[in-house]
Amino acid sequence: MEKLARLVTQIAYTPPSKRLSTLSPLQLSLIPFLSFASSFFRLAVSLRHRLYRYGFFRQQRLPVPVISVGNLTWGGNGKTPMVEFLARWLADSGIPPLILTRGYGGADEVKMLERHLRETPVKIGVGANRAAIAATFFQRHGYMNPKDNSTRTNLCVDRIGAAVLDDGMQHLNLWRDIEIVMVNAMMPWGNRRLVPLGPLREPFTALNRADFVVVHHADLVSEQDIEAIESTVRKFNESVPIFFSTLAPLYFMKAGNISCKLSLKDISNAIILCVSAIGSADSFVQRIKKMGPMLVDRLDYRDHHLFLPEDIEMIRKRLQKLQSEFAVTPIVVVTEKDYDRAPEVLKHLNYEVLVLCSSLEILSSKGSKEDGFKKCLRQCLETRL
């Protein structure tokens, strides 16, 4: 399954003009089947939207404002870091939020959010039926009247003031007041085809639903790449505000002792093996390289992959090879998502494992700044209420 997923992913991110020179005969043989499935997927997406548009399916409304964070393509777009960013901003603004997430892939992202937001009034609801999950939280904690500013100063800080919908763009059964679309600058659209032939979860016309577009990992690509992304967005949504973000490294945690925090400088001149099962492994590796290690090697797995004993053995063999080659004990570096997915499994490596902790930042670029992003969000919320 892992091998098949890699083959399909490579197809999805290979332009049609380069297929013959890049893809294997097996991959080329898969393209007609993937194309056929992609056509059916397009019909299903179109039918689903029409059923909602004409009232056959109804969107459920929550009694508080809803901010949806989603994406047009699969994985690696910075949705969860943006969800955390918004939750902190709302909490700091006196609007205790409820995060609604499906908890996909072993709930690794949920565990990370719970750790980061432990000392805040943010609540996290997990489940596929996010409207039903939200209802249980409203029943338990109550909610603020969004049109009554006096409720924000009420002593009952336990009440919910807003909802943040994680991976919400395709979750059509829940009404949202703001739609934020995340775009991975390092691999924005792939071959521009719908899944499974390409990485698009919806056609580009879905961009016309966006209230904000945030280009993530914008600091890791060229100005020409950014302009190409902006051009594509503008073709389908001329007036949408576009902002730019990065995932800024903060510190390392020690696997098995997460209360122990280490400086980013602690890996300078070290031999590093980056092990990741995330949607954008390239961005992770690039940020580690910027910290000045002697060498960075990598092992990549598909997004949300659960590490198995054979994976651990493969990682251990790679570490032994590095140690033999450089006569230095290498260090394993993983993301928080990977650690939270398999904290116990990584202990069996018998090598030091560091966990990179990061947070989303809005970049000052093309006249846009973090304060401007927050101001636009606030104005948009007030307009919709």
Side-chain angles (χ1 to χ4, degrees), residues 5 8-19 23 27 30-59 66-79 82 102 104 130 165-218 221 225-243 279-280 303:
V8 172
T9 298
Q10 188 178 3
I11 294 171
Y13 285 96
T14 300
S17 61
K18 295 183 178 180
R19 284 175 179 169
L23 301 179
Q27 289 172 309
L30 289 173
I31 289 176
F33 300 99
L34 296 174
S35 181
F36 184 72
S38 184
S39 297
F40 270 96
F41 182 78
R42 179 184 290 275
L43 288 173
V45 168
S46 177
L47 176 60
R48 184 166 178 255
H49 278 278
R50 287 176 181 272
L51 290 172
Y52 274 102
R53 186 180 306 130
Y54 295 116
F56 291 97
F57 294 158
R58 291 188 178 182
Q59 287 186 311
V66 176
I67 303 176
S68 168
V69 180
N71 60 313
L72 207 58
T73 62
W74 64 42
N77 295 272
K79 296 187 300 296
M82 174 56 77
R102 182 182 174 187
Y104 179 77
R130 282 170 265 191
L165 186 58
D166 185 18
D167 195 11
M169 190 172 184
Q170 289 76 39
H171 192 72
L172 299 181
N173 71 330
L174 199 61
W175 173 270
R176 69 288 317 277
D177 299 277
I178 296 178
E179 185 85 75
I180 299 175
V181 177
M182 304 294 295
V183 179
N184 184 349
M186 299 186 72
M187 36 194 246
W189 322 115
N191 60 12
R192 294 175 171 255
R193 302 295 195 270
L194 289 172
V195 297
L197 179 61
L200 294 180
R201 301 165 75 180
E202 292 188 67
F204 282 108
T205 50
L207 287 168
N208 62 25
R209 306 202 309 267
D211 296 296
F212 298 89
V213 169
V214 179
V215 182
H216 195 48
H217 300 310
V221 300
D225 292 331
I226 294 295
E227 289 175 358
I229 293 170
E230 289 183 290
S231 176
T232 298
V233 172
R234 294 293 179 213
K235 285 180 183 177
F236 299 95
N237 194 330
E238 293 182 1
S239 59
V240 66
I242 300 177
F243 291 87
S280 183
D303 198 14

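Considering only heavy atoms from C-beta on, His216 stays 4.5 Å or farther from Asn184 through its side chain. Thr232 places a side-chain heavy atom less than 4.5 Å from the side chain of Arg192. Looking at Val181 and Val233, their side chains never come closer than 4.5 Å, going by heavy atoms from C-beta outward. In this structure the side chain of Val45 never reaches within 4.5 angstrom of the side chain of Leu194, judged on heavy atoms. Within the 4.5 Å cutoff, side-chain heavy atoms of Met182 are placed close to those of Ile180. With contacts defined as side-chain heavy-atom distances shorter than 4.5 Å, the pair Asn237/Val213 does not qualify. At least one side-chain heavy atom of Arg234 sits less than 4.5 Å from a side-chain heavy atom of Ile242.
Atom NE2 in His171 sits 10.0 Å away from atom CD in Gln59 (nearest 0.5 Å). The distance from atom CG of Leu72 to atom CZ of Arg201, rounded to the nearest 0.5 Å, is 9.0 Å. Between the CG atom in Leu30 and the OG atom in Ser35 there is a gap of 12.0 Å [rounded to 0.5 Å].
Residue Arg50 places its CZ atom among 12 or fewer non-hydrogen atoms of other residues, nucleotides or ligands, all under 6.0 Å distant. Around the CZ atom of Phe36, the shell of radius 6.0 Å holds no more than 12 heavy atoms that belong to other residues, nucleotides or ligands. Other residues, nucleotides and ligands contribute more than 12 heavy atoms inside 6.0 Å of the OH atom of Tyr52. Enclosure of atom CZ in Arg58 is not indicated, since only 12 or fewer non-hydrogen atoms of other residues, nucleotides or ligands lie within 6.0 angstrom. Counting heavy atoms of neighbouring residues, nucleotides and ligands inside a 6.0 Å radius, atom CZ of Arg42 does not exceed 12 of them.
Here the side chain of Asn191 pairs a donor or acceptor atom with the backbone of Arg193 at under 3.5 angstrom. Of the possible donor and acceptor atoms, none in the side chain of Arg102 sits under 3.5 Å from a partner among the backbone N and O of Gly168.
Ring-plane geometry between Phe243 and Phe212 is classed as tilted, the angle between the planes lying from 30 to 60 degrees on a 0 to 90 degree scale.
When all heavy atoms are compared, the tightest approach of Val221 to Ala185 is CG1-O, 3.6 Å.
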